[in-house]
Novice: 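One structure, as structure tokens, below. Some questions next.
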Amino acid sequence: MLLEFLYSKIHRATVTDANLNYVGSITVDENILDKANLSEGQKVDILNINNGERFQTYILAGKRGNKDFCLNGAAARKAQVGDKIIICSYAQMTPDEAKTFKPTIVQIDDNNNVI
């Protein structure tokens, strides 16, 4: 049997932009994606610390070094610039695999630098 477990998390990123006139997704600095073991097109949950919103979308790779976290399309209605968010991804694994698996956790400071 496969169960879903946390795969990786970007913790307390600050939303830098919200672009309603886009198809959808979240744009994230590619350097931060690399550190979090996340990929463009990957499905993620977004948890908004400021307002409690929780929603799913997919990742777009942003320009390296820009420290951008931009919500696009309908997701732009779920957060405002300056809101703190958590980005989570999950993986399916057996209970035995889960016992030894360690998720990647990336902590972000107030200026969207990896701590």
Side-chain angles (χ1 to χ4, degrees):
M1 172 184 342
L2 294 177
L3 303 172
E4 264 189 295
F5 291 89
L6 181 68
Y7 175 74
S8 66
K9 175 172 78 165
I10 299 173
H11 191 72
R12 294 191 60 86
T14 303
V15 174
T16 57
D17 195 9
N19 182 355
L20 187 59
N21 296 312
Y22 190 80
V23 176
S25 67
I26 183 167
T27 303
V28 178
D29 179 324
E30 199 165 4
N31 287 340
I32 297 171
L33 292 179
D34 290 347
K35 290 187 185 301
N37 292 324
L38 294 171
S39 301
E40 187 165 50
Q42 189 171 355
K43 178 176 143 181
V44 290
D45 285 349
I46 308 293
L47 317 173
N48 186 324
I49 295 168
N50 292 75
N51 65 19
E53 288 279 0
R54 301 170 76 94
F55 56 96
Q56 292 181 336
T57 191
Y58 62 93
I59 296 170
L60 283 181
K63 186 173 179 183
R64 289 187 181 276
N66 274 6
K67 302 177 191 170
D68 287 338
F69 288 88
C70 176
L71 292 166
N72 302 302
R77 297 270 191 211
K78 302 286 189 177
Q80 297 179 2
V81 172
D83 282 0
K84 294 289 186 186
I85 59 172
I86 300 168
I87 302 170
C88 297
S89 69
Y90 306 92
Q92 292 185 346
M93 56 189 87
T94 66
D96 285 340
E97 290 171 321
K99 287 178 185 175
T100 59
F101 179 78
K102 299 291 183 212
T104 302
I105 309 295
V106 175
Q107 298 276 345
I108 303 292
D109 70 13
D110 288 339
N111 296 311
N112 283 344
N113 296 302
V114 175
I115 300 173

Novice: What's the separation between atom CD1 in Ile59 and atom OG in Ser25, rounded to the nearest 0.5 Å?
Specialist: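 One gets 9.5 Å once the value is rounded to the nearest 0.5 Å.
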Novice: When clusters are formed by joining ILVMFWY residues with side-chain heavy atoms under 4.5 Å apart, either directly or through shared neighbours, do Ile46 and Leu60 land in the same one?
Specialist: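 As far as the 4.5 Å side-chain criterion goes, Leu60 and Ile46 are not connected within one cluster.
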Novice: Quick check: is Met1 connected to Tyr90 through a chain of hydrophobic side chains (ILVMFWY, heavy atoms under 4.5 Å apart)?
Specialist: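 No, separate clusters.
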Novice: For side chain to side chain contact (heavy atoms under 4.5 Å, CB included), just list the numbers for Asp110 and Lys84, CA-CA rounded to whole Å, side-chain angles, deciding distance to a tenth of an Å, and then say yes or no.
Specialist: CA-CA 9 Å; Asp110 288 339; Lys84 294 289 186 186; 2.9 Å; yes
Novice: Would you call Val15 and Gln80 a side-chain contact if the rule is heavy atoms closer than 4.5 Å?
Specialist: no
Novice: Using side-chain heavy atoms (C-beta onward) and a distance below 4.5 Å, is Thr94 in contact with Leu2?
Specialist: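 Yes, close enough: below the 4.5 Å cut-off.
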Novice: Quick one: pull up OG in Ser89 and CD in Glu4 and give me the separation to the nearest 0.5 Å.
Specialist: 10.0 Å
Novice: Please tell me whether Ile26 and Tyr22 are part of a single hydrophobic cluster in this structure, the criterion being side-chain heavy atoms less than 4.5 Å apart.
Specialist: no
Novice: Under a 4.5 Å side-chain heavy-atom rule over Ile, Leu, Val, Met, Phe, Trp and Tyr, are Ile10 and Ile85 clustered together?
Specialist: yes
Novice: Output yes when a side-chain donor or acceptor of Asn19 lies under 3.5 Å from a complementary backbone atom of Cys70, and no otherwise.
Specialist: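 Judged by distance alone, no pair lies under 3.5 Å.
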Novice: Any side-chain heavy atom of Cys88 sitting closer than 4.5 Å to one from Leu6?
Specialist: yes
Novice: Give a yes or no on whether Val106 and Ile86 share a hydrophobic cluster (residues Ile, Leu, Val, Met, Phe, Trp, Tyr; joining criterion: side-chain heavy atoms under 4.5 Å apart).
Specialist: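 No; tracing contacts between hydrophobic side chains, which count when under 4.5 Å, never links both residues.
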Novice: Identify the two heavy atoms, one from Asp17 and one from Val81, that lie closest to each other, and give their separation to 0.1 Å.
Specialist: CA-CG2, 3.7 Å
Novice: Does Asp34 come within less than 4.0 Å of Arg64, counting only side-chain N to carboxylate O?
Specialist: yes
Novice: Taking the side chain as everything from C-beta on, heavy atoms only, tell me whether Arg12 gets closer than 4.5 Å to Ile49.
Specialist: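 The answer is yes, as the side chains (C-beta and beyond) meet within the 4.5 Å cut-off.
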Novice: So do Lys35 and Thr104 actually touch side chain to side chain, heavy atoms under 4.5 Å?
Specialist: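 Counting from C-beta outward, Thr104 and Lys35 never come under 4.5 Å.
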Novice: Could you check whether any side-chain heavy atom of Val114 comes within less than 4.5 Å of a side-chain heavy atom of Ile108, counting everything from C-beta outward?
Specialist: yes
Novice: Taking the side chain as every heavy atom from C-beta outward, state whether Val28 and Leu38 have any pair of such atoms under 4.5 Å apart.
Specialist: no
Novice: Does Asp29 reach the main-chain N or O of Asn66 with its side chain, forming a donor-acceptor pair under 3.5 Å?
Specialist: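 Side chain of Asp29 to backbone of Asn66: a pair is present.
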Novice: First locate atom CG of Asn37, then atom NZ of Lys9, and finally report the distance between them rounded to the nearest 0.5 Å.
Specialist: 15.0 Å
Novice: What pair of heavy atoms forms the shortest contact from Asn48 to Ala79, and how long is it?
Specialist: ND2-CB, 3.2 Å
Novice: Look only at the side chain of Asn51 and the backbone of Glu53, and say whether a donor-acceptor pair between them is shorter than 3.5 Å.
Specialist: yes
Novice: Would you mind reporting whether Thr27 and Phe69 have side-chain heavy atoms less than 4.5 Å apart?
Specialist: no
Novice: Measuring from atom OG1 of Thr16 to atom NZ of Lys67, what distance do you get when rounded to the nearest 0.5 angstrom?
Specialist: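 The NZ atom of Lys67 is 11.5 Å from OG1 of Thr16, to the nearest 0.5 Å.
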Novice: Hey, what do you get for CD1 (Ile115) to CG (Asp109), rounding to the nearest 0.5 Å?
Specialist: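 Ile115 atom CD1 to Asp109 atom CG measures 5.0 Å (nearest 0.5 Å).
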Novice: Measure the spacing between CG of Leu33 and CD of Gln42 and express it to the nearest 0.5 Å.
Specialist: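 Atom-to-atom, Leu33:CG and Gln42:CD are 9.0 Å apart.
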